[in-house]
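For reference, the structure discussed in these notes is given below.
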Amino acid sequence: MKGMILAAGKGTRIKPISYAIPKPMVPILGKPVMESMIQLFAKHGIDKIVVNTSHLAEIIENYFGDGHHFNVQLSYSYEAKEVDGEYVSQALGSAGGMRKIQDFSGFFDETFVVVCGDAWIDLDLKEAVEHHKQHGGIATIITKEVESSEVSKYGVVVTDKYDQVTSFQEKPTESEALSNKINTGIYIFEPAIFDFIPKEIEFDIGSDLFPLLVERQADFYAINMDFQWLDVGKVKDVWEVTSDIINGKVKGYPIPGTQVSPGIWVGINTRVDTSKCKITPPVIISSGSEVQDGATLIGPAVIGANCKIEAKSVVSNTLICDYIHLADDAYIVNKTMFGDYLLGHDGYTQLLTDCQYVHILKNRNVSRPLSGIACIDKLYKSPPIHRDTLPPLEQAK
């Protein structure tokens, strides 16, 4: 079976993370979210996959290659325009990206599945395709029921008693919502769908194609299914998804490392004595990291790979991505530390270069001390983070 992963967006809602990586490469416990989607495709026999790329396309293509490591065949459709002899990324919209692939090779010659590259799901795709074929339509949206209080966060799908889509509502209020079934960004199409998608223009699945199908009264259905769906469409979602996983709210998501005691996972090649640190689970300490005796880690918390946490540091309710060094007296509460940025869970953003007690282990080619942790290639002398300027620990709960 054939599939497509949508990965061409600029990720404007996850800035500043998207300055460094495209949204499908956002790591959840060290694994790019799109990797989980490819693995799900492979599990359900979807082994021929095209990925449309644009923003920071080379990061996606260099990581996944031709797909053989995942037992699939991968190809990429790069969306860009030529300006003065150079290609500049220019996305065509999700439906426009589908059309570009079809015009190039006629790839979509059978029933195919299209998913967004910025979500983790455990949906039974074979069952979803079977439901699609039973309805006999040219397009199907996989929907999921949410609590009425949650509908304002999503695009709502309205259907008749035969499951045929009749209208949409974009983030309606609870009182205005005509349904509690939301669009999950998982679609099943027949090749005839291209009769509704114009050539060589920007055209979106949700805002252009689907309203057109409703207007033309096409055989267009929504199938409601029960499955887990973790969306990382916004910056705050990265922490919320991570926190839900390590708090045990997500069944089946693999937690890296070995559980050395209840709620504490430790990767390989680490340097940590959990009996000499103050650790309140759940906490993950990833491979290659060092946590010095006396450090305080209050869960939920994740220490990324190849990090260094010095003895007097305090980390609480925080996600620290790879290659971060917290010096003595660092006090990091309710934060996500990603790349060059310190991201508050309340939306506050600060450059790590403004934090004296946070260093970035960027240069991995410098000499390494016996501990195996990379030396600091740059020491920042900016004003420090003082404990009295950050929220008290009890606010991290």
Side-chain angles (χ1 to χ4, degrees), residues 1-7 37-38 40-52 93-99 101-102 107-146 151 154-170 177-198 203-231:
M1 192 185 296
K2 295 179 179 180
M4 178 179 178
I5 298 177
L6 302 171
M37 188 62 74
I38 291 174
L40 182 73
F41 269 9
K43 177 181 177 181
H44 291 99
I46 302 173
D47 57 0
K48 298 177 178 64
I49 307 165
V50 175
V51 182
N52 71 325
S94 48
M98 287 168 48
R99 182 78 206 216
I101 294 165
Q102 188 70 353
F107 176 74
F108 301 111
D109 57 359
E110 60 183 12
T111 303
F112 62 99
V113 180
V114 176
V115 298
C116 297
D118 59 356
W120 177 86
I121 60 174
D122 63 358
L123 175 68
D124 186 332
L125 292 172
K126 287 184 179 178
E127 181 183 354
V129 171
E130 288 174 3
H131 284 309
H132 163 80
K133 291 184 175 181
Q134 288 171 4
H135 280 88
I138 64 168
T140 296
I141 303 175
I142 303 301
T143 58
K144 181 177 175 62
E145 289 187 356
V146 299
V151 292
Y154 305 105
V156 169
V157 182
V158 184
T159 61
D160 63 18
K161 63 181 180 180
Y162 302 107
D163 296 328
Q164 188 157 357
V165 178
T166 58
S167 63
F168 298 92
Q169 292 178 291
E170 184 60 29
L178 300 175
S179 164
N180 67 336
K181 298 176 182 178
I182 56 110
N183 181 358
T184 62
I186 306 166
Y187 313 122
I188 305 170
F189 294 113
E190 295 299 322
I193 196 64
F194 293 102
D195 293 339
F196 297 86
I197 303 175
F203 205 70
D204 184 70
I205 291 175
S207 59
D208 297 312
L209 176 60
F210 286 165
L212 180 61
L213 294 181
V214 172
E215 179 187 334
R216 300 279 182 86
Q217 298 183 334
D219 291 329
F220 174 30
Y221 296 92
I223 300 172
N224 198 66
M225 298 184 69
D226 184 22
F227 61 100
Q228 295 180 109
W229 177 55
L230 305 177
D231 180 27

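Remember, it's a predicted structure, so these values are computed and weren't measured experimentally.
For the pair K2 and F108, the NZ or CZ position fails the cation-pi test of under 6.0 Å to the six-membered ring centre and within 45 degrees of the ring normal.
A donor-acceptor pair under 3.5 Å is formed between the side chain of S179 and the backbone N or O of V157. With hydrogens and angles disregarded, a donor-acceptor distance shorter than 3.5 Å links the side chain of N180 to the backbone of V146. Between the side chain of T166 and the backbone N or O of D160, no donor-acceptor pair lies under 3.5 Å. Looking only at distances, a side-chain donor or acceptor of T184 sits under 3.5 Å from a matching main-chain atom of I142. For the pair D122 (side chain) and Q228 (backbone), a donor-acceptor distance under 3.5 Å is present. The main-chain N or O of F194 is found under 3.5 Å from a side-chain atom of R99 such that the two form a donor-acceptor pair. Between the side chain of Q169 and the main chain of Y154, no donor-acceptor pair closer than 3.5 Å is present.
Annotation: the span from H132 atom NE2 to E190 atom CD amounts to 3.5 Å, rounded to 0.5 Å. Between the NE2 atom of H131 and the CG atom of D163 there is a distance of 10.0 Å, given to the nearest 0.5 Å. Rounded to the nearest 0.5 angstrom, L178 CG and T159 OG1 are separated by 11.0 Å.
Annotation: F210 is in aromatic contact with Y187 [ring centroid separation under 6.0 Å].
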